[in-house]
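One structure is given below, encoded as structure tokens.
Values below: every heavy atom of this structure, side chains too, minus hydrogens, waters and symmetry copies. If you read the sequence from its start, that first residue is 1, and numbering goes on from there.
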Amino acid sequence: MNEASNPKPIGEAFAFDNSYARLPDIFFAPVDPTPVEAPRVIKFNRALAEELGLDADALERHGAGYFSGNVPLPGGLPLAMAYAGHQFGQFVPRLGDGRAILLAEVIDRNGRRRDIQLKGAGQTPYSRRGDGRAALGPVLREYIISEAMHALGIPTTRALAAVATGQAVYRDRVLPGAVFTRVAASHIRVGTFQFFAARGETENVRVLADHVIDRHYPKLKGAEKPYLALLDAVADRQAALIARWLCVGFIHGVMNTDNMTISGETIDFGPCAFMDRYDPRTVFSSIDQHGRYAFGNQPAIGQWNIARLAEAMLAILDENEDKALEAANAAVTRFMERFQEHWKAVIRAKTGLGEAEQEIDQALIRDLLAILYEQKADYTLAFRRLADAAEDDAADAALGGLLEDPDALTPWLAAWRDRLSQEGVSPKARAAQMRQVNPAFIPRNHKVEEALNAAIDHGDFSLFEALNDLLSRPYEDQPAFAAYAGPPKPGEEITATFCGT
């Protein structure tokens, strides 16, 4: 008998729970994963398992059964969550987990409650015409990107495991199937609130808000208006998150309201990508044909999504409708103010400007981005080379080598150094600080695709492993991986990314 289908006991460490299952029945649909034929663990995140307080040794030996859904978790209550969402601006009143199943929750070693969810474990009542399965490529992509985002210091869902199912899935071609195990603070979305608001179920909106406050924002319980405080808190986390995305050139690709978490984590890495050449209009997602979710549009879309959350919560913000509307509008307006605060802090750190903001700093930042755009410079390398230039002006040549005109930054560098001289920070210390926020490595799109193609077409996971190892230390110079640091060469460019569902 396959060991994965008949594992040994895994002990008291696997005492799971599912608080979401204690909410009213309309919030979810109970559903068990559909067993697969021959599960095999491709990648297991031992460090994350230990962080969760799980028995990592047992999972390394017997994890294929649990991570495929073939074997239930003790104490778990598998379910698919109900939610709605605006998809590319169009409201869909009933979406839900069509290929994801929330297995259970666990209290990690830091006392935080976290979800364990399978993606690709079979059909649910929300699958509509989908098969509920996942292909190997999207599973490996989510593993790579989510763990890379974590290493970059950006709030994100995490990857616990990737499992090959031994079964094919059918998309535009026959592909190997896989299941992804995702860990999140929770999977509650803006669209979850929208689901109940669209049905006119104000009491369920309130129940959901109370659950979110208990789980994610317990300090708000004593607020005079806790639901308004919740709206503000979610807006602030999203503003901070998007500012961090822009810091590393990340483009989510599908910022629908059902892909925006209440916890403030990055979620769903289907058509996401990282910008090479700096251009705020950059779009990779093949389904974003009009550039709605372009790199530079992400802050405005974040505010738009918060406006949809405010609409969904309107009935519980204040008993007086006019006051509720006024409060909601104020919260939406504050989103952009908060984003600007977070973004200025991020970009100042990237450029080495440590002291209180000055007018010259705004001009320096604006002019630097304009030059990078005009000169078609690589975003990641330009800021990394700028950190080198902060320590030694001999590095100016390497920075200039990223531009079409190598001398285009010379006047700017002189003004920048004059500004830095006003602060009592040594060049070496400043460069070290800048290197902590300007990565040497990001998941370059062409390298991700290279790793995925090797795995899908040839069963070769060596590039996938190398990429994960490299990206676990993105702020370190790693000479052995120098080929992974640069932008694509002609013929290597990735112009479109795909959802993979």
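Closest heavy-atom contact between Gly89 and Tyr293: N-OH, 4.4 Å. The minimum heavy-atom distance between Asn45 and Ala159, with the atom names listed, is ND2-O, 2.9 Å. Considering every non-hydrogen atom in both Ile267 and Asn259, the closest pair reads CG2-O, 3.3 Å. The two residues Gln167 and Val36 make their nearest non-hydrogen contact at OE1-CA, 3.1 Å. Considering all non-hydrogen atoms of both residues, Ala223 and Ala229 come closest at CB-CB, 4.1 Å. Residue Gly132 comes nearest to Ser127 through the heavy atom pair CA-OG, 4.5 Å, listed as atom of the first residue, atom of the second, then distance.
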Would Asp210 and Tyr227 count as a side chain to side chain donor-acceptor pair (under 3.5 Å) if you check the C-alpha gap in whole Å, the side-chain angles of each, and the deciding distance to 0.1 Å?
-> CA-CA 8 Å; Asp210 288 339; Tyr227 303 135; 2.7 Å; yes
Step-by-step side chain to side chain contact (heavy atoms under 4.5 Å, CB included) determination, Leu309 to Gln238 | CA-CA 12 Å; Leu309 176 61; Gln238 285 295 330; over 6 Å; no
Output, in order, the C-alpha distance, side-chain angles, deciding distance and verdict of salt bridge (charged side-chain N to carboxylate O under 4.0 Å, His left out) for Glu265 and Arg182.
-> CA-CA 12 Å; Glu265 295 171 298; Arg182 179 162 69 186; over 6 Å; no
Check the pair Thr257 / Trp304 against side chain to side chain contact (heavy atoms under 4.5 Å, CB included), numbers first and verdict last.
-> CA-CA 9 Å; Thr257 57; Trp304 194 90; 4.3 Å; yes
Please assess Asp214 against Arg113 for the test salt bridge (charged side-chain N to carboxylate O under 4.0 Å, His left out), listing each intermediate value before the final yes or no.
-> CA-CA 11 Å; Asp214 285 342; Arg113 182 177 290 269; over 6 Å; no
Let me see the working for Arg308 and Glu311 under salt bridge (charged side-chain N to carboxylate O under 4.0 Å, His left out), right down to the final yes or no.
-> CA-CA 5 Å; Arg308 305 292 77 76; Glu311 288 173 352; 2.7 Å; yes
Glu337 and Arg334: salt bridge (charged side-chain N to carboxylate O under 4.0 Å, His left out), yes or no, with the steps?
-> CA-CA 5 Å; Glu337 296 169 357; Arg334 282 194 296 272; over 6 Å; no
Given the rule in the side chain to side chain donor-acceptor pair (under 3.5 Å) test, do His86 and Asn305 qualify, once you have shown the distances and angles that lead to the verdict?
-> CA-CA 9 Å; His86 274 88; Asn305 287 349; over 6 Å; no
Verdict with reasoning, Val346 to Arg244, per side chain to side chain contact (heavy atoms under 4.5 Å, CB included) = CA-CA 7 Å; Val346 168; Arg244 296 301 305 273; 3.9 Å; yes
Run the side chain to side chain contact (heavy atoms under 4.5 Å, CB included) check on Tyr66 and Ile116 step by step: do they pass?
-> CA-CA 11 Å; Tyr66 298 104; Ile116 299 178; over 6 Å; no
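Leu467 is not listed as a side-chain neighbour of Pro443, based on a closest heavy-atom distance of 4.5 Å or more. Side-chain contact between Thr202 and Ile316 is present, with at least one heavy-atom pair separated by less than 4.5 Å. With contacts defined as side-chain heavy-atom distances shorter than 4.5 Å, the pair Lys221/Pro226 does not qualify. Residues Asp258 and Val92 fail the side-chain proximity criterion, which asks for heavy atoms closer than 4.5 Å. The closest side-chain heavy-atom distance from Phe196 to Pro24 is not below 4.5 Å. Side-chain contact between Gln303 and Phe339 is absent, with no heavy-atom pair separated by less than 4.5 Å. Using a 4.5 Å heavy-atom cutoff, the side chains of Thr497 and Ile251 are not in contact. Using a 4.5 Å heavy-atom cutoff, the side chains of Val234 and Phe335 are not in contact.
For Lys350 and Tyr379, the positive end sits near the middle of the six-membered ring, less than 6.0 Å away and at most 45° from its axis.
Defined by atom type and a distance below 3.5 Å, a donor-acceptor pair is present between the side-chain atoms of Asp97 and Tyr83. Side chains of His216 and Arg237: no donor on one and acceptor on the other come within 3.5 Å. Side chains of Gln123 and Thr34: no donor on one and acceptor on the other come within 3.5 Å.
Expressed to the nearest 0.5 Å, how far CG of Leu463 lies from CG of Leu470 amounts to 11.5 Å. Interatomic distance, CG of Leu246 versus CG of Leu241, reported as 9.5 Å (0.5 Å rounding). The line from CG of Leu471 to CD1 of Ile145 is 7.5 Å long, rounded to the nearest 0.5 Å. Atom NE2 of His211 is separated from atom CD1 of Ile262 by 11.5 Å, given to the nearest 0.5 angstrom. Here the straight-line distance linking atom CZ of Phe193 with atom CG of Leu231 works out to 9.5 Å at 0.5 Å rounding. Here the CD1-CE distance, from Ile154 to Met149, works out to 4.0 Å after rounding to the nearest 0.5 Å.
Checked against the 6.0 Å centroid threshold, Phe27 and Phe195 do not count as a close aromatic pair.
More than 12 heavy-atom neighbours from other residues, nucleotides or ligands sit within 6.0 angstrom of CD on Glu492. Within a 6.0 Å sphere centred on CZ of Arg277, heavy atoms belonging to other residues, nucleotides or ligands number 12 at most. Heavy-atom neighbours of Asp25 CG from other residues, nucleotides or ligands within 6.0 Å: at or below the threshold of 12. Other residues, nucleotides and ligands place more than 12 heavy atoms under 6.0 Å from the CZ atom of Phe461. More than 12 non-hydrogen atoms from other residues, nucleotides or ligands lie less than 6.0 angstrom from CD of Glu493.
Taking 4.0 Å as the cut-off between side-chain N and carboxylate O, Glu147 and Arg158 count as a salt-bridged pair. Of the charged side-chain nitrogens involved, at least one lies within less than 4.0 Å of a carboxylate oxygen, so that Glu449 and Arg141 count as a salt-bridged pair. In this structure, Lys447 does not pair ionically with Asp276, as no charged nitrogen and carboxylate oxygen lie closer than 4.0 Å. A salt bridge is absent between Arg109 and Glu50: the closest approach of a Lys/Arg side-chain nitrogen to an acidic carboxylate oxygen does not fall below 4.0 angstrom. Taking 4.0 Å as the cut-off between side-chain N and carboxylate O, Arg292 and Asp288 do not count as a salt-bridged pair. With respect to Arg215 and Asp115, a salt bridge is recorded, a charged nitrogen being found less than 4.0 Å from a carboxylate O. For the pair Asp268 and Lys119, the salt-bridge criterion is met [side-chain N within less than 4.0 Å of a carboxylate O]. Between Arg338 and Glu341 there is no salt bridge, since no side-chain nitrogen of the basic residue lies less than 4.0 Å from a carboxylate oxygen of the acidic one. Between Glu203 and Arg206 a salt bridge is recorded (basic side-chain N to carboxylate O distance below 4.0 Å).
Although no hydrogens or angles enter the test, the distance criterion places no donor-acceptor pair under 3.5 Å between the side chain of Arg189 and the main chain of Thr261. At distances below 3.5 Å, not a single donor-acceptor pair connects side-chain atoms of Asn18 with backbone N or O atoms of Gly76.
Shown are Leu103, Leu59, Val179; of these, the side-chain contact (heavy atoms from CB on, under 4.5 Å) with Phe67 is made only by Leu59.
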